[in-house]
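All values derive from a computational prediction rather than experimental measurement.
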Amino acid sequence: MMARQARPDHARYLFDELAEDSAERIGFLRHRPARTLVLGDPTGAVAAALPGVMRQHACPAFPLDQPWPERGFDLIVACFAFDCENDLPGALIHARGALAPGGLLLATMIGAGSLPALRGIMLAADGDRPAPRLHPQVDVRAGAQLLQRAGLADPVADGRSLNVRFRTLAGLVHDLRDQGLTSVLVQGGPPLDRAALARAEAAFADLAGPDGRVTERFELLTLSGWRRTA
């Protein structure tokens with residue numbers, strides 16, 4: 001993904017949205033971290049938007065579902081970093097362990113209900129033999145339960161929608177790849193052959209409005225919680 005992000009024309013609107021939202025949340029909470037860890041921010045937009053950061057770490061190269069090598073962070077901001085974790089409860093527990101007392105975890109994921117247009121298009125493409133194309137996603141209720149299970153105080157899970165218009169199916173897939181949001185299933189569906197791709201293109205065209213564009217929806221799920229004790 002990093003190679004794609006280096007291109008000047010890469011899609012980054014989800015990270016721009018996340019940068020603005022993260023800054024607003026931290027400002028509202030009046031949280032002033034001295035040591036911040038930012039996970040999954042390839043564009044640097046989120047890190048640049050955070051106020052009052054004295055010491056900041058970029059996304060580290062270590063498994064999130066194992067004990068983290070560094071601790072004592074006053075703020076951890078995760079930008080779609082937990083979406084692909086097999087052991088999401090374990091990853092959140094280790095995130096709590098990496099916080100200093102009084103530290104805040106702010107994690108955003110692509111939530112359940114996202115990409116309804118693409119889901120329908122791929123069902124049409126696969127025909128009578130639907131294949132797994134998208135990895136599982138978390139909804140607001142499950143997100144709140146995960147925060148409680150991880151032992152985070154004052155847990156809050158909330159969602160918001162972002163609608164994006166696309167002229168072509170290729171453009172939609174291109175944007176997902178640019179932002180690292182394609183499926184990570186180990187056993188995903190087979191590549192589309194020529195006939196399946198034609199069905200997908202036809203299904204996309206059927207969804208288009210008068211301007212020839214299709215509206216796709218991203219559900220952004222944000223989980224936040226505090227470490228109140230050592």
Side-chain angles (χ1 to χ4, degrees), residues 1-66 68-85 88 91-92 94-96 98-100 103-111 114-115 135 137-138 143 158-164 166 171-184 216 218-226:
M1 183 174 83
M2 295 301 293
R4 296 183 71 95
Q5 291 289 355
R7 298 200 319 253
D9 61 341
H10 68 267
R12 56 178 291 163
Y13 46 82
L14 290 177
F15 289 99
D16 290 341
E17 162 69 21
L18 189 51
E20 180 179 355
D21 180 76
S22 298
E24 288 181 357
R25 289 174 186 268
I26 294 168
F28 175 78
L29 293 169
R30 298 182 180 179
H31 188 48
R32 295 293 181 265
R35 191 163 181 252
T36 297
L37 174 65
V38 181
L39 300 166
D41 179 26
T43 70
V46 177
L50 298 177
V53 176
M54 295 174 58
R55 183 182 178 192
Q56 183 169 282
H57 292 230
C59 180
F62 60 79
L64 298 182
D65 59 354
Q66 298 179 19
W68 296 12
E70 292 193 60
R71 295 171 177 254
F73 294 104
D74 304 299
L75 173 66
I76 297 174
V77 179
C79 317
F80 312 123
F82 290 109
D83 293 54
C84 306
E85 288 298 316
L88 182 53
L92 290 172
H94 292 306
R96 180 192 179 279
L99 288 169
L104 171 67
L105 171 67
L106 192 63
T108 298
M109 300 185 288
I110 299 297
S114 294
L115 303 173
H135 53 266
Q137 296 162 336
V138 178
D158 64 84
R160 62 196 185 281
S161 299
L162 180 66
N163 292 329
V164 183
F166 294 95
L172 168 56
V173 174
H174 181 278
D175 279 14
L176 293 177
R177 287 175 174 165
D178 267 2
Q179 298 176 101
L181 300 176
T182 51
S183 177
V184 293
E216 186 59 285
F218 296 88
E219 297 289 350
L220 302 181
L221 171 66
T222 298
L223 310 179
S224 63
W226 301 81

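In plain terms, the two heavy atoms of Ala95 and Ile76 that are nearest each other are O-CD1, 3.6 Å. Heavy-atom minimum distance, Ala11 versus Gln179: O-CG, 3.3 Å. Across all non-hydrogen atoms, the minimal contact from Tyr13 to Asp175 is OH-OD2, 2.9 Å. The shortest heavy-atom contact between Ser22 and Val77 is OG-CG1, 4.1 Å. Minimum heavy-atom separation, Ala100 to Asp74: CB-OD1, 4.0 Å. Leu104 and Gly225 make their closest contact through CD1-O, 3.4 Å (heavy atoms, listed as atom of the first residue, atom of the second, distance).
Listed by chain and residue number, Leu39, Ala81, Phe82, Ala107 satisfy the side-chain contact (heavy atoms from CB on, under 4.5 Å) test with Ala78 (two or more places apart in sequence, or in another chain). Partners of Glu219 by side chain to side chain donor-acceptor pair (under 3.5 Å), not counting sequence neighbours, listed by chain and number: Ser161, Arg217. For Phe80, the ring pair (Phe, Tyr, Trp, His ring centres under 6.0 Å) criterion is met by Phe15, not counting sequence neighbours. Asp158 pairs by the salt bridge (Lys or Arg N to Asp or Glu O under 4.0 Å) definition with Arg25, not counting sequence neighbours. Residues that satisfy the side chain to side chain donor-acceptor pair (under 3.5 Å) test with Asp16, not counting sequence neighbours, are Arg12. Among residues two or more places apart in sequence or in another chain, the side chain to side chain donor-acceptor pair (under 3.5 Å) test is passed with Thr182 by none. Scanning for salt bridge (Lys or Arg N to Asp or Glu O under 4.0 Å) contacts around Asp83 gives an empty result, with sequence neighbours left out. Shown here are the side chain to side chain donor-acceptor pair (under 3.5 Å) partners of Arg160, two or more places apart in sequence or in another chain: Glu17, Asp21, Thr222.
Taken to the nearest 0.5 Å, the CG atom of Leu172 stands 5.5 Å off from the CD atom of Glu216. The CG atom of Leu115 lies 8.0 Å from the CG atom of Leu181; values are rounded to the nearest 0.5 Å. For the atom pair Ile26 CD1 and Thr36 OG1, the distance stands at 7.0 Å (nearest 0.5 Å). For the atom pair CG of Leu162 and CG of Leu18, the computed distance is 11.0 Å after rounding to the nearest 0.5 Å.
Using a distance-only test at 3.5 Å, with no hydrogens or angles considered, no donor-acceptor pair links the side chain of His94 to the main chain of Pro63.
Side chains of Leu105 and Leu92 form a contact here, defined as non-hydrogen atoms less than 4.5 Å apart. A heavy-atom distance below 4.5 Å is found between the side chains of Leu88 and Met109. Contact annotation: the side chain of Leu176 approaches that of Phe218 to within less than 4.5 Å [non-hydrogen atoms, C-beta and beyond].
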